[in-house]
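These notes concern the structure reproduced below.
Residue numbers begin at 1 in each chain, while the letters A, B, ... track the order of the sequences.
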There are 2 protein chains.
Amino acid sequence: MYVTRKADYAIRCVLYLAKNTGRITSVDEISNAMYVPKSFLAKILQCLMKAGIVSSTRGIKGGFQLAKEPKDISLLEVIEAIQGPSAANICAIDKRMCSLSGRCTVHPIWVKIRKKVEQELKKQNFAKLAKKR
Amino acid sequence: MYVTRKADYAIRCVLYLAKNTGRITSVDEISNAMYVPKSFLAKILQCLMKAGIVSSTRGIKGGFQLAKEPKDISLLEVIEAIQGPSAANICAIDKRMCSLSGRCTVHPIWVKIRKKVEQELKKQNFAKLAKKR
DNA sequence: TTAAATAGGACTATTTTGGTCTTATTTTAT
DNA sequence: ATAAAATAAGACCAAAATAGTCCTATTTAA
Ligand code: SF4
Ligand code: SF4
């Protein structure tokens, strides 16, 4: 589970939108508020669109909004929208990634850790995160 | 916390040595047994030397041994010997890595996750891992 | 003295990361 | 109608990290 800059930016972005619900927010505004390079953020928002996390409005006065309630968006969901599934070791994503996984005594540890981390990340939603200060 | 191939190989290697204590084991033997490219493994063993996890004997009939008892070598220790400190997000390694960390509501989550994962990895020692089947 | 082993450093190819840029399209306001 | 401001989509790129290899030197047992 390594969170790339891209995923971290996505989290910042969703967090900003969660703090500004009920209106349309432009890439430019998010970019400035959350210190994310604008054109990179535009790409990131396209990923979040595909994942159904945000919705967009085109044209002048256009921008983005959350597609769901903040409380229904988890940290895990946003990370996976950007990076796909991840884990501390490849065999915890898919045991077929390592031919040794069948007899490896370390393998179950990675699976267990993955489970625990994902549990924690699923618990964290953006209503919670936006409220905290 | 992403375990690279290099660190995974290191773990395999230490595990093999833990299963074969009391004698000197060559790179070639470990390489064949654990499916690690030989010349890469040689490099990895140099890292493990620096970290004080293994000791070497040069010359013909030379090779490697664990420098400590298997029960005193943790998974975390081996991973850090290869990769240095790691975490799910950069700010959990060093909060100065992100200028937002002071006011970021997500930051504490990464710190908490890191703590939990490292706790788990510290609990796992190579006596335990070598015994398991 | 030779063969087999580690020590160490230089080197390299590929993949991933972290972006940018350009062109097209949409929509509102004048 | 048209200009301005916004997203959409894809091509492109540089730098860093990853996953190694290779070569030379040194050590040491037989
Ligand atoms: S932990 Fe075991 S199964 Fe997982 S990648 Fe490493 S060797 Fe393979
Ligand atoms: S979680 Fe917050 S502090 Fe950590 S890197 Fe992301 S923005 Fe920075």
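With C:dA7, D:dA19, D:dT21 as the choices, the nucleotide that has an atom nearest any side-chain atom of B:Pro37 turns out to be D:dT21. Nearest nucleotide to the side chain of A:Phe64, out of C:dT20, C:dA5, D:dA8: D:dA8. When distances are taken from the side chain of B:Ser39 to each of D:dA4, C:dT17, D:dC22, the shortest belongs to D:dC22.
Considering only side-chain N and O atoms, B:Ser56 lies under 4.0 angstrom from the phosphate OP1 or OP2 of C:dA7.
A continuous path of hydrophobic side-chain contacts links A:Leu45 to A:Phe40 [ILVMFWY only; heavy atoms under 4.5 Å]. In this structure, A:Val14 is not a member of the same hydrophobic cluster as B:Leu100, with clusters built from ILVMFWY side-chain heavy atoms closer than 4.5 Å. The hydrophobic clustering, which links ILVMFWY residues whose side-chain heavy atoms are closer than 4.5 Å, places B:Ile90 and B:Val106 apart.
Counting to the nearest Å, the C1' atom of D:dT18 and the CE atom of A:Met97 are 14 Å from each other. A straight line from CD1 of B:Ile60 to C1' of D:dA30 spans 7 Å, rounded to a whole angstrom. With rounding to whole Å, B:Leu41 atom CG is found 14 Å from C:dA5 atom P. The distance from atom CD of B:Gln46 to atom P of D:dG20 is 16 Å, rounded to the nearest whole Å. Rounded to whole Å, atom P of C:dA4 lies 18 Å from atom CD1 of B:Ile24. If you take CD1 of A:Ile44 and P of D:dT7, they are 14 Å apart, rounded to a whole angstrom. Summarising the geometry, the separation between CG on A:Leu17 and C1' on D:dT7 is reported as 14 Å, rounded to the nearest angstrom. The separation between A:Gln83 atom CD and C:dT16 atom P is 13 Å, rounded to whole Å.
Within 4.0 Å of A:Gly62, counting heavy atoms only, lie sugar-phosphate atoms of the nucleic acid but no base atom. Counting non-hydrogen atoms under 4.0 angstrom, A:Tyr9 reaches the backbone sugars and phosphates but no base.
Both A:Lys61 and A:Arg5 sit near DNA chain C, but only A:Arg5 has its closest nucleotide nearer the 5' end. Nearer to the 5' terminus of DNA chain C, by closest-nucleotide assignment, is the contact made by A:Lys6 (compared with the other of A:Lys6 and A:Gly59).
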Item to check | side-chain hydrogen bond (donor to acceptor under 3.5 Å, both in side chains) assessment of B:Gln83 paired with B:Tyr2 | outcome: CA-CA 9 Å; B:Gln83 305 187 346; B:Tyr2 189 72; over 6 Å; no
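Counting atom types as modelled, B:Arg58 pairs a side-chain N or O with a base atom of D:dT26 as donor and acceptor under 3.5 Å. Within 3.5 Å, a donor on the side chain of B:Lys43 pairs with an acceptor on the base of C:dG9, or the reverse.
For B:Lys132, the NZ atom counts as densely surrounded, since its 6.0 Å shell holds more than 12 non-hydrogen atoms of other residues, nucleotides or ligands.
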